[in-house]
Amino acid sequence: MAVGILLVGGFGTRLKPLTSETPKPMLPVAGLPVTEHQLLAAKRAGIHTLVLATSYLSEVFTPYFGDGSKWGIKILYAVEKEPLGTGGAIRNAAELLDLESLGDEPIVIFNGDVLSRHSIAEQIKFHQAKAADATLHLIEVDDARAFGCVPTDSDGRVTAFLEKMDNPITNSINAGCYVFHPSVIDQIPLSEVVSIERQTFPALVGGGGLLFGYKEQAYWLDVGTPAALFKGSRDLIDGDFHAMPGCTIDPTARIIGKSSIGRNVKIGSGVLIDDCIIGDDVVIGDGVSLSHCFILHKTLITAGVEKSRHYLSTAISEPINLP
Ligand code: GTP
């Protein structure tokens, strides 16, 4: 048994314009918000209570997830008036958990923009076997120059937390899923802007804290950029496309390129959809052609429109180029 905190309050700047109306973790990937994929993984690992640490566009989460009963998990919401950074957000969210009553029950923290198929249950077991203060999932990448890297000793103990560099001393990077002993929370100041990666972890390592790296080379993707978000969606789809329940698709429509179609979407005759992410309740008129486009929920696309590499939403009058 464990409790969880999901960090979902960032601005998602690298994903603009997709994040102008939708927080990054609520963007659909293969028909479901990124957060829902994570919630399902958390539930499978035995997490019974999950705090969503929200800030930017916080109001978008509650109507979708409610109290979590639909998924059989208890969901609580912590809202930061101004984003407190990843560490400050964890401290703020933990206020909703009764830490004293948790005892040794671990707290699992998730970066809200990661799709990972590693075993959270195994990570928790590893953490408990080491009696660690904190255990980070580490993943090896071919080129670690774009990331901070995390060297470990032969026992798996983290020896340093290093910023981006031209010659990284290891290819192991922080994969954005941490198991904390509840006592670690007290080491993060309340109501202050704190970065868990730049402040808390280096201070823990420097102060002799028991910080461990759990290495599992499972499917892993940070969906922080438009290209990565589309890749994440395609990676989850077998076949040409995936459509959620309630769609009406004209038999003459062609849907290819591992496109993802949300719930209750209507697709007209002669439509071509290639490598697109389409939200819920979208109506696509006859003869429309879309290639590598992101269509937000509830958008109406009139007959004959042809677009490539664009973001379309009812809230904007003109489609915006996708980088
Ligand atoms: P960029 O602006 O494109 O870098 O994206 P981001 O704002 O989401 O930042 P980043 O990718 O570094 O954040 C990692 C995870 O932490 C994401 O899931 C964010 O939603 C979350 N996050 C980042 N900063 C905060 C914060 O201040 N508060 C909360 N609650 N979550 C945060």
Side-chain angles (χ1 to χ4, degrees), residues 3-29 32-39 41-42 50-62 64-65 75-97 107-116 120 134 136-139 141 146-150 161 163-164 173-178 180 185 188-202 220-232 294 311 322-323:
V3 296
I5 294 174
L6 250 166
L7 298 174
V8 293
F11 290 117
T13 324
R14 288 165 298 153
L15 265 166
K16 282 203 176 291
L18 307 184
T19 45
S20 305
E21 302 154 70
T22 313
K24 171 164 62 175
M26 286 303 284
L27 291 169
V29 161
L32 298 177
V34 178
T35 300
E36 191 169 351
H37 288 285
Q38 292 186 302
L39 184 156
L50 198 54
V51 183
L52 300 196
T54 69
S55 183
Y56 174 65
L57 295 173
S58 58
E59 66 280 5
V60 177
F61 294 90
T62 323
Y64 191 91
F65 291 108
I75 297 187
L76 303 167
Y77 299 87
V79 185
E80 300 145 51
K81 281 201 192 78
E82 295 297 326
L84 290 170
T86 45
I90 293 169
R91 181 71 169 87
N92 186 59
E95 292 293 292
L96 297 184
L97 299 166
I107 305 176
V108 185
I109 324 267
F110 301 87
N111 267 2
D113 52 359
V114 169
L115 294 173
S116 177
I120 301 161
L136 288 71
H137 176 213
L138 301 182
I139 196 107
V141 292
F147 306 89
C149 68
V150 186
F161 230 85
E163 296 281 339
K164 287 178 198 172
I173 62 155
N174 170 7
C177 177
Y178 323 124
F180 276 19
I185 298 290
I188 308 170
L190 185 60
S191 307
E192 283 182 28
V193 176
V194 179
S195 161
I196 201 80
E197 302 88 351
R198 287 194 293 278
Q199 292 167 262
T200 315
F201 288 148
W220 178 87
L221 186 71
D222 171 345
V223 295
T225 62
L229 187 85
F230 275 84
K231 175 176 170 17
F294 184 97
Y311 167 76
L322 277 185

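Read the numbers this way: they start at 1 and go in the same order the structure lists the ligands and their atoms.
- By the side-chain contact (heavy atoms from CB on, under 4.5 Å) test, Tyr64 pairs with Met26, Leu32, Pro33, Glu36, Trp71, sequence neighbours left out.
- Considering only non-hydrogen protein atoms, atom 20 (O) of ligand 1 sits nearest to Gly10 N, 2.8 Å.
- Atom 21 (C) of ligand 1 has as its closest protein heavy atom Leu7 O, 3.6 Å.
- For ligand 1, the atoms closer than 4.0 angstrom to any heavy atom of Gly85 are 26 (C), 27 (O), 28 (N).
- Using a 4.5 Å cut-off on side-chain heavy atoms (C-beta onward), Asn174 and Phe147 make no contact.
- Across every non-hydrogen atom of Arg14 and Pro226, the tightest pair is O-CD, 3.4 Å.
- Scored by the side-chain contact (heavy atoms from CB on, under 4.5 Å) test, Pro189 finds Glu192, Val194 as partners (sequence neighbours excluded).
- Among all non-hydrogen protein atoms, the one lying nearest atom 9 (O) of ligand 1 is Lys24 NZ, 4.3 Å.
- Two residues are said to be in side-chain contact when any heavy atoms from C-beta on lie closer than 4.5 Å; Leu57 and Thr22 fail this criterion.
- Contacts between Thr13 and ligand 1, counted as non-hydrogen atom pairs separated by less than 4.0 Å, involve both the backbone and the side chain.
- Nearest protein heavy-atom neighbour of atom 7 (O) of ligand 1: Phe11 N, 2.9 Å.
- Within a 4.0 Å radius of atom 12 (O) of ligand 1, the protein contributes no heavy atom.
- Residue-level proximity to ligand 1 for Ser55 is absent, since no heavy atom of it falls below 4.0 angstrom.
- Between Ala78, Gly9, Gly112, it is Gly9 that holds the heavy atom closest to atom 29 (C) of ligand 1.
- Of all the heavy atoms of Leu84, the ones lying under 4.0 Å from any atom of ligand 1 belong exclusively to the backbone.
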